[in-house]
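If you're wondering where the values come from, they're calculated on a predicted model, not measured in any experiment.
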Amino acid sequence: MKSWKRITLVIFVLVGGTTSFGYWSIKQFDSVFDNLSATYLANTHSVYPSFKRNAGLASTSPEILGELATSTEGIILATTSTTTTATTTPVVTASANLELSFTFPQSNAQVYIGCTYPISWQSSATITSLETALIDAGTREAVGPKTGGLAKENTIKKDLANLEWKVGVVWPGAYYIKVSKINGVEAEFRSKTFQINKMPEGIDEEEKINICRESSG
């Protein structure tokens, strides 16, 4: 009987101790978890308000908005202030109503191979360049500069209205001078038809000079 009582007492003691230890352990775990939760919430609260406050300042602060506006304005001004400059070269062009008439050679003029003549004209505008050609009046074909002696492109000196033409070695006959460009602009003018003659044979240099002078008008 006494043994049974001792066993029962020992069981109660063990059960009671185990229960007490389990209850104490659970309380300790709860306390630890509560402390961890409180610490985590405190840290989160301290970080989140700071982040929220900074975000609010970034979205609503006039100073920051002003800085952003200034930066944006600076970018826009920097973009719009970049411009390209183009240099233009003045071009002398022929007027649409430009008039040109040759004063030499005139109709039925007699010129001689080897003589130099001043081809002259009157115009309603200043002429700085002419594109010319010597045309055979019979075939209506151009005579090349090397053969006819008349350059295709001619630069006219300032304050002058003529160009020098040394008649080349061509077949004697009727010719005229055609102008196809004035100051680089398309044009269409022509002189009167004139005659190119071969220099007489058996004459000296002085006689040739006289013939050239007399035929230049």
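- Note on Ile135: it does not cluster hydrophobically with Trp171, by side-chain heavy-atom contacts below 4.5 Å among ILVMFWY residues.
- Side-chain atoms of Glu214 never come within 3.5 Å of backbone atoms of Ile211 as a donor-acceptor pair (strictly under, hydrogens ignored).
- With sequence neighbours left out, Thr103 forms a side chain to side chain donor-acceptor pair (under 3.5 Å) with Ser120.
- For the pair Asn183 (side chain) and Val185 (backbone), a donor-acceptor distance under 3.5 Å is absent.
- Judged as a ring pair (Phe, Tyr, Trp, His ring centres under 6.0 Å), and not counting sequence neighbours, the contacts of Phe104 are Tyr117.
- The distance from the CZ atom of Arg140 to the OH atom of Tyr176 is 5.0 Å, given to the nearest 0.5 Å.
- Of the inter-residue distances, the one linking Glu99 atom CD with Gln122 atom CD reads 12.0 Å to the nearest 0.5 angstrom.
- Put simply, the side chain of Val111 does not reach to within 4.5 Å of the side chain of Tyr175, judged on heavy atoms.
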All N/O donor-acceptor pairs, side-chain side in residues 143-166, below 3.5 Å, sequence neighbours left out:
residue, atom, partner, partner atom, Å
Asn154, ND2, Thr132, OG1, 2.9
Asn154, ND2, Ala151, O, 3.0
Trp165, NE1, Gly148, O, 2.9

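- Within the 3.5 Å criterion, the main-chain N or O of Phe102 finds a donor-acceptor partner in the side chain of Gln106.
- Residue-environment remark: CG (Asn108) stays at or below the threshold of 12 foreign heavy atoms within 6.0 Å.
- For Gly184 against Ser129, the heavy-atom pair with the smallest separation is N-OG, 3.7 Å.
- Tyr112 and Ile203 end up in the same hydrophobic cluster when Ile, Leu, Val, Met, Phe, Trp and Tyr side chains are linked at under 4.5 Å.
- Glu205 pairs by the salt bridge (Lys or Arg N to Asp or Glu O under 4.0 Å) definition with Lys208, not counting sequence neighbours.
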Side-chain donor-acceptor distances from residues 191-202 under 3.5 Å, at least two apart:
residue, atom, partner, partner atom, Å
Ser191, OG, Ile177, N, 2.9
Thr193, OG1, Arg190, NH2, 3.4
Asn197, ND2, Gln110, OE1, 2.6

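- Of all the heavy atoms in Ser123 and Leu98, the pair that sits closest is CB-CD1, 4.4 Å.
- Taking the side chain to side chain donor-acceptor pair (under 3.5 Å) definition, one finds that Ser180 meets it with Glu131, sequence neighbours left out.
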